[in-house]
Amino acid sequence: MENNQYLGTERVGKLLARFAIPCIFSLIISCLYNIVDQIFVGNAALNSFLSGVVIIAISYFCGDGLLQMIGATDANLAMAHDYGFIIYAMMPLAMVQNTLASIIRADGSPRYAMGAMLIGAVINIIGDPVAIFVLRMGIKGAAYATILGQFVSFLICAAYLFRSKTFHICKDSFRLDFTLLKRIMALGTSSLLTQLSIVVITVVNNVLLVRYGALSVYGADIPLAAFVVIMKLFQIVLNIAIGIAAGAQPIVGYNYGAGKFDRVKELLKLIIGWTAIVCLICTVLFEAIPQVFILMFGADGELYTHFAVLCLRIYLSLILITCVQKVCAIFLQSIGHAKAAAPLSVIRDVFLIVFSLIVPMFLGVTGIFWAAPIADLLAIAITAQDQAIRKVADAGSCVIVGRSADYVLRNYKNIVRIFITAPKEYRVRKVMEMYGDSVEQAKKEHCALG
């Protein structure tokens, strides 16, 4: 078997390119499956989340009710039903294939993993027009072409297990080791939360878009179709960023374990730098020529194009912040700091869900899209404050008043926490003196005394 000593000696920039570029292509190719389908079949509702055997059972049992619950309208319910119920069948193998691709990359063969994904994507791209137009199978044909490509990718990835570099598969490899499984799950928590948060955001926004869209001049279907396209673009950019960070994981893990912290720091700078460059380029393109990206997925009239262009500019305006937070979470995960990675990976998404519920009350259907940049700004502000507090605490003795420092430093030792309060009457009197408020104003606006 080959060893991985080169991970600790070869130039980090060259290593990062070697591992990250194939990983990026693999993730982008995964996105292409549904994107290609969508380009061929128009603006169908194709962004249902599917996850393994349990979800298959739930989906088949609940049927159209599940699709309606997550935002499908009467206009696209039939297409979502036809497409989704075929795709469900391949979910377990598709999930295994994605896991195998990560294992293959970690084993030092990122190009093999990329090749497996690429072959499946080519099959899907060629199969879509053949199945849809030649065989006249409609959207069902797009689904069959997708699962065929996924199945071929799975077979190629599975074949790698017989030629791996640093491990060998045997009978004992398929026995559950709960101790090892617990460690794996801890390290994967950040990625799991990221994926789950995307699902929750999608479902919440689908429901809100239908509700508020129906009250607007756009109707329910235009906002929903526009959101599907915008989320595809969002996922492409996010997957590029994740590909950079995930591709670096074997390099970061090896060097961190070997105590080569200078190389680890250099890798972090490169990861953030590459991510920032990609996101800035994409942001400029999205703001300057959004109609080009919208028209790639088809257009259903001038009203749809106008709405989609407007919302694309809004929703993806601060995608740089989102991506940097995600790659930092993956980096922390790579060095074994799973507990720190988990909240960092979802803080923005939690805010996004909250603001998606609140902002449309004032701005209508477009408020759902404004929630994204608002959440980005608030998340980065809190993250920056968190890091500043930790930096001050690490430098030596200090006194920090408020700023949620008691929570941020909850795992620090030798911390003294002091909570200062005063009687209700004293607080009311001081507020009246400082702001000139009446008793009622002091209680309601400043003291929150109820």
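What you see is a predicted model; the values in this text were computed from it and never measured.
Between Q150 and L93, every side-chain heavy-atom pair lies at or beyond the 4.5 Å cut-off. By the 4.5 Å heavy-atom criterion applied to side chains, M117 and F25 are not counted as neighbours. The shortest side-chain heavy-atom distance between V324 and K326 does not fall under the 4.5 Å cut-off. Using a 4.5 Å cut-off on side-chain heavy atoms (C-beta onward), V252 and I335 make contact. In this structure the side chain of V237 never reaches within 4.5 angstrom of the side chain of L316, judged on heavy atoms. Using a 4.5 Å cut-off on side-chain heavy atoms (C-beta onward), T366 and F307 make contact. Side-chain contact between V327 and I242: absent, with no pair of heavy atoms (C-beta onward) separated by less than 4.5 Å. Using a 4.5 Å cut-off on side-chain heavy atoms (C-beta onward), Q333 and Q249 make contact.
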CA sep, side-chain torsions, deciding dist, call: Y254, Y6, ring pair (Phe, Tyr, Trp, His ring centres under 6.0 Å): CA-CA 10 Å; Y254 181 92; Y6 70 96; 8.1 Å; no

Full working for side-chain contact (heavy atoms from CB on, under 4.5 Å) between S102 and N98: CA-CA 7 Å; S102 298; N98 284 328; 6.0 Å; no

side-chain contact (heavy atoms from CB on, under 4.5 Å) between F261 and N255, intermediate numbers included: CA-CA 7 Å; F261 301 119; N255 285 278; over 6 Å; no

Full working for side-chain contact (heavy atoms from CB on, under 4.5 Å) between M231 and T202: CA-CA 8 Å; M231 282 300 292; T202 301; 4.0 Å; yes

Derivation of the side-chain contact (heavy atoms from CB on, under 4.5 Å) call for Q235 and I198: CA-CA 10 Å; Q235 288 172 352; I198 291 175; 4.1 Å; yes

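For L378, the side-chain contact (heavy atoms from CB on, under 4.5 Å) partners at least two apart in sequence or on another chain are F351, F355, I382. Taking the side-chain contact (heavy atoms from CB on, under 4.5 Å) definition, one finds that S216 meets it with Y218, V365, sequence neighbours left out. Contacts of Y112 classified as ring pair (Phe, Tyr, Trp, His ring centres under 6.0 Å), with partners at least two apart in sequence or in another chain: Y160. Partners of I201 according to the side-chain contact (heavy atoms from CB on, under 4.5 Å) rule, which considers only residues two or more places apart in sequence or in another chain, are N205, Y315, D349, L352, I353. For the side-chain contact (heavy atoms from CB on, under 4.5 Å) test, residues two or more places apart in sequence or in another chain that qualify with V96 are L100, F154.
The backbone N or O of G8 lies less than 3.5 Å from a partner atom in the side chain of K260, making a donor-acceptor pair. When atom types are taken as modelled, the side chain of S153 and the backbone of A116 share a donor-acceptor pair closer than 3.5 angstrom. Checked by atom type and distance alone, the side chain of R263 pairs as donor or acceptor with a backbone atom of L7 at under 3.5 Å. In terms of modelled atom types and a separation under 3.5 Å, the side chain of D107 and the main chain of K165 share a donor-acceptor contact.
Nearest heavy-atom pair across V359 and G367 is CG1-O, 3.5 Å. Of all heavy-atom pairs between P22 and A17, the closest is CD-O, 3.9 Å. Residue C323 comes nearest to A241 through the heavy atom pair CB-CB, 3.7 Å, listed as atom of the first residue, atom of the second, then distance. When all heavy atoms of L357 and M361 are compared, the pair lying nearest together is O-CE, 3.4 Å. Closest of all the heavy-atom pairs between A246 and C23 is CB-SG, 3.9 Å. Between P110 and R105, the closest heavy-atom pair is CA-CG, 3.9 Å.
Note that CZ of F151 is 6.5 Å distant from CE of M90, once rounded to the nearest 0.5 Å. Here L148 contributes atom CG and I123 contributes atom CD1; the two are 5.5 Å apart, rounded to the nearest 0.5 Å. I380 CD1 to Q325 CD: the interatomic distance, rounded to the nearest 0.5 Å, is 5.0 Å. Taking OG of S356 as the start and CH2 of W370 as the end, the distance is 14.0 Å to the nearest 0.5 Å. Distance check, rounded to the nearest 0.5 Å: CD1 of I236 to CG of L27 gives 11.5 Å. Interatomic distance, CG of L208 versus CD1 of I368, reported as 5.0 Å (0.5 Å rounding).
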Donor-acceptor list for residues 264-293 side chains, cut-off 3.5 Å, not counting sequence neighbours:
residue: T275; atom: OG1; partner: I271; partner atom: O; Å: 2.7
residue: T283; atom: OG1; partner: C279; partner atom: O; Å: 2.7

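Other residues, nucleotides and ligands place more than 12 heavy atoms under 6.0 Å from the CZ atom of R313.
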